[in-house]
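To find a chain, count down the sequence lines: A is the first, B the second, and so on, and within it residues start at 1. Side chains included, hydrogens not; waters and symmetry mates left out as well; all remaining heavy atoms used.
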There are 2 protein chains.
Amino acid sequence: MNKNTAVTIKDIANALNLSASTVSRALRGMPEIHPETRQAVLQLAEDMDYQPNQLAKNLVKSRTKTIGLILPTLSYHFFASMLNSIEEAAMQAGYSVVVCQTNESYLREVAQIQNLLHSQVEGVIMSLARDTSDFEHIYRLQRKNVPLVIFDRYSTDIDASRVIVDNHEAAFKATQHLIENGCQRLGCMAGPPHLLISNERLRGFKDALEHYGLPYNERYVFYNDFTQENTMMQALNMMSLPTPPDGILTMTDRIAFATMYAFKQKGIRIPEDVAIVSFNNDPTCIYLSPSLTSVNQPIQEMGAQVVRLLLKQLENDQPVVAETIVLSTQLMIRESSMVEGRKK
Amino acid sequence: MNKNTAVTIKDIANALNLSASTVSRALRGMPEIHPETRQAVLQLAEDMDYQPNQLAKNLVKSRTKTIGLILPTLSYHFFASMLNSIEEAAMQAGYSVVVCQTNESYLREVAQIQNLLHSQVEGVIMSLARDTSDFEHIYRLQRKNVPLVIFDRYSTDIDASRVIVDNHEAAFKATQHLIENGCQRLGCMAGPPHLLISNERLRGFKDALEHYGLPYNERYVFYNDFTQENTMMQALNMMSLPTPPDGILTMTDRIAFATMYAFKQKGIRIPEDVAIVSFNNDPTCIYLSPSLTSVNQPIQEMGAQVVRLLLKQLENDQPVVAETIVLSTQLMIRESSMVEGRKK
DNA sequence: AACGTAACCGCAAACGTTTGCGGATGATAT
DNA sequence: ATATCATCCGCAAACGTTTGCGGTTACGTT
């Protein structure tokens, strides 16, 4: 029931006694059109409020000018914000983006990819779901030659362009910060064990311990599934160990929030009893009591790079080799890790 | 550089010595095709991994099966979550959604609408930007007969389907809750003065005061622009009044977060010195200290209704009259409003 | 044997653009 | 006057579908 009578190129052509092709060329400002007639065409197009039919245009050029974005969820600030910056960058390049959420489910991820293919996106940008450890659906995508770039949650099993953050370094520095503030027994609330990004951070954690001659103990690392209940339980379990940690690195602010919540209920004080540093720098970090120190990722920059890499693939005819951009992070130090009088 | 050699309906037709039309009909399971040949077509389509070209399909049916969603921002949990539920409902109906953010700017709102029209969405769902008080761009949308539904931030100047929440009632109850917990001097942190939804809530606030015989004083209501700095300043100004309020209703969790933050820095205790109740029930409400009581909106339900209303317009040929759905809310009572021993 | 009627399928137009090629026109050079 | 050449524009095909209409079969009826 949309505009039953939209004005087309032919309408303009008829009104001016021109051919459709001339009008088309005039509208696009091609050189082989007399300035006068071009002017007439543009004028009339304006008057008739001509809107080019994208559908037709798309068909002949077989381009849709849309890209697909697959995210684990939008209720994490990080991803919502990435959508923000990606959408901004895409718009500037004349693309629109359709978003899908996997809700961390592998099945939904393959379904969403299917949907995107079906709606003929020119390329896809994604961050892996918590539950995906098989990549056949992604290989299929690549076999169809649709340009792909992955950010944040990536996998080395996927040969695609990616923009990530130096997770090892970030975790190393975060852990270093805890140690230099006097923490001796460090614990880690990690993500699911098959999530590469979590393992990278864990490795940074481990290396920092080693570097400072502190013991690394598997019992002090918990792998959770990003749910609140699960993390609260694990957090309490961690503090019930014979010698509970006095500092914890959490993989994500959401995890930190939940553990802080659990600790508060049990009367465990932060940072006095245990310091916390986390990842993502959610804007609400500053609103908590204590405020949460967290590593900040350059979201704007990441979004810009992501679409840059995608565009590079989209607008080059020859296949372009996968490229990985590693950005650096910044530790935002706040109350949750400021341990007075505990420096060693 | 996408699949340079995608398999088309004609390929199947040639391979089977059929005509394109037959293949087309077979694929769509139309009755006038012999089961045998249909089977053959389906089989071959499967084997050749035939993917219908949406572009062509769209062109002839002049439908894009996509809807546009215009949001003020995605960094508010409420909107991110609405996107979530809208996208879910749309997907189930076979539509994909392209999102745009206005970043609260009127100019961006008109630009985004332009973009959406340009990319041929079949309908649009939106929530008004903070800064829009002129609706010409929306009227233009309607003149083009593109189905529209507005949620949350609406305006009575726009004759479109909408799904909203009973803001008056919600604010009334929230204020009632403050009063019944012993607050006597109530303040309100409102939104921009031209935002209808904020005024509705303000009216509920006022009516509750009146109902309980408490004085309403303009000096106790501040209209802010949703920015952190602005609200922090206003919040402190409010507490600097000769007789500062002992209870505050804030229009949104973000405003509450910022005022709580400001109060914390100034040593103003919540809820002892001043109680707070807010809107939106952001998931981080429970993580704050004190946890924040807030009115919850049925986001899932809102999303479902929004797309239901849009679909109704999309799939009916006759224009359908605007409809407004009013859902009810739920006050989630938490620490920020639990004033012990102050009951009157 | 002739006819009517389903059942099945193909032709061609249509959707609104873009684009290669060639045609007409007029000016310029010979 | 003719040949040459730009300049400007139209023809028609193409993109991959869908769909109204008409054509061919094959079968059962009389």
Side-chain angles (χ1 to χ4, degrees), chain A residues 1-42 44-45 48-65 94 117-120 122 144, chain B residues 1-42 44-45 48-66 94 117-122 144:
Chain A
M1 68 155 279
N2 218 332
K3 36 185 148 179
N4 22 17
T5 168
V7 26
T8 94
I9 252 184
K10 284 183 194 163
D11 297 332
I12 302 186
N14 288 340
L16 258 44
N17 270 326
L18 291 174
S19 77
S21 38
T22 303
V23 174
S24 171
R25 285 188 256 251
L27 287 174
R28 281 170 303 146
M30 310 207 75
E32 63 263 51
I33 299 298
H34 193 92
E36 248 174 49
T37 78
R38 167 175 28 244
Q39 198 43 50
V41 168
L42 290 179
L44 189 60
M48 299 178 71
D49 192 26
Y50 167 74
Q51 300 278 74
N53 185 321
Q54 277 301 122
L55 300 181
K57 202 179 286 190
N58 290 344
L59 177 58
V60 17
K61 319 200 96 166
S62 56
R63 301 203 51 176
T64 57
K65 282 290 192 175
L117 280 182
H118 193 260
S119 58
Q120 227 100 0
E122 293 188 41
K144 289 189 188 282
Chain B
M1 68 154 275
N2 216 333
K3 34 183 150 177
N4 21 17
T5 169
V7 24
T8 92
I9 253 185
K10 284 183 194 163
D11 297 333
I12 302 185
N14 290 339
L16 257 43
N17 271 327
L18 290 174
S19 77
S21 37
T22 303
V23 175
S24 171
R25 286 188 256 253
L27 287 173
R28 282 170 302 146
M30 309 207 77
E32 63 263 49
I33 300 297
H34 193 90
E36 247 174 50
T37 77
R38 169 177 26 244
Q39 197 44 48
V41 168
L42 290 179
L44 188 60
M48 301 178 71
D49 191 28
Y50 166 75
Q51 298 278 74
N53 184 320
Q54 277 300 123
L55 300 180
K57 201 179 286 191
N58 288 344
L59 177 58
V60 19
K61 318 200 96 166
S62 55
R63 302 204 51 177
T64 57
K65 282 289 192 177
T66 81
L117 280 182
H118 193 260
S119 60
Q120 229 100 359
V121 297
E122 293 190 40
K144 288 189 190 284

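- Base engagement by A:Leu59 is indicated by at least one non-hydrogen atom pair under 4.0 Å involving a base atom.
- What separates CD1 of B:Ile9 from C1' of D:dT19 is a distance of 12 Å, to the nearest Å.
- For the OP1/OP2 pair of C:dG10 and a distance below 4.0 Å, the side-chain nitrogens and oxygens of B:Ser19 include at least one atom meeting the criterion.
- As a whole-Å value, the separation of A:Leu16 CG from D:dC8 P is 17 Å.
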Item to complete: Might you work through the side chain to side chain contact (heavy atoms under 4.5 Å, CB included) test for B:Leu55 and A:Leu55, ending with a clear yes or no?
Response: CA-CA 6 Å; B:Leu55 300 180; A:Leu55 300 181; over 6 Å; no

Worksheet entry | Residues A:Asn53, B:Gln120; criterion side chain to side chain contact (heavy atoms under 4.5 Å, CB included); working and verdict | CA-CA 8 Å; A:Asn53 185 321; B:Gln120 229 100 359; 3.7 Å; yes

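- The NZ atom of A:Lys57 sits 19 Å away from the P atom of D:dG16 (whole-angstrom rounding).
- For the atom pair A:Leu44 CG and A:Thr37 OG1, the distance stands at 12.0 Å (nearest 0.5 Å).
- When the C1' atom of C:dT25 is taken as reference, atom CD of A:Glu36 falls 15 Å away, rounded to whole Å.
- For the pair B:Lys10 NZ and C:dC11 P, the computed distance is 12 Å after rounding to whole Å.
- For B:Arg63 and C:dC15, the shortest distance from a side-chain N or O to OP1 or OP2 is not below 4.0 Å.
- Of the candidates D:dT18, C:dC8, C:dG16, C:dG16 carries the atom nearest the A:Ala56 side chain, counting heavy atoms from C-beta on.
- Dashed line: the shortest gap from a side-chain N or O of A:Arg25 to OP1 or OP2 of D:dC9 is not under 4.0 Å.
- The separation between A:Asn14 atom CG and C:dG16 atom P is 13 Å, rounded to whole Å.
- OP1 or OP2 of D:dT17 lies within a sub-4.0 Å distance of a side-chain N or O belonging to B:Tyr50.
- Mapped onto DNA chain C by nearest heavy atom, A:Met30 and B:Glu32 fall at different nucleotides, with B:Glu32 at the one closer to the 5' end.
- In this structure, A:Asn17 and B:Thr8 both approach DNA chain D, and ranking their closest nucleotides by distance from the 5' end singles out A:Asn17.
- At the phosphate of C:dT18, OP1 or OP2 sits under 4.0 Å from a side-chain N or O atom of A:Ser24.
- For A:Ser21, whose side chain is taken as the heavy atoms from C-beta onward, the closest listed nucleotide among D:dT18, D:dC15, D:dC11 is D:dC11.
- For a distance-only test at 3.5 Å, the side chain of B:Thr37 fails to qualify as a donor-acceptor partner of the base of C:dC9.
- With a 6.0 Å radius and a threshold of 12 heavy atoms from other residues, nucleotides or ligands, B:Glu36 has its CD atom at or below the threshold.
- In this structure, B:Asn58 atom CG and C:dT17 atom P are separated by 15 Å, rounded to whole Å.
- Taking atom CZ of residue A:Arg38 and atom C1' of nucleotide D:dT7, one finds them 13 Å apart after rounding to whole Å.
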Worksheet item: Checking side chain to side chain contact (heavy atoms under 4.5 Å, CB included) for the pair B:Ile9/B:Leu27: CA distance, chi angles, key distance, verdict?
Response: CA-CA 9 Å; B:Ile9 253 185; B:Leu27 287 173; 3.9 Å; yes

Item to complete: Would you please test A:His118 and B:Gln51 for side chain to side chain contact (heavy atoms under 4.5 Å, CB included) and show each step?
Response: CA-CA 8 Å; A:His118 193 260; B:Gln51 298 278 74; 5.9 Å; no

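- When heavy atoms are screened at a 4.0 angstrom cut-off, B:Leu18 is found touching the sugar-phosphate backbone but no base atom.
- Across all strands shown, A:Lys61 has heavy atoms under 4.0 Å from sugar-phosphate atoms exclusively, and none from any base.
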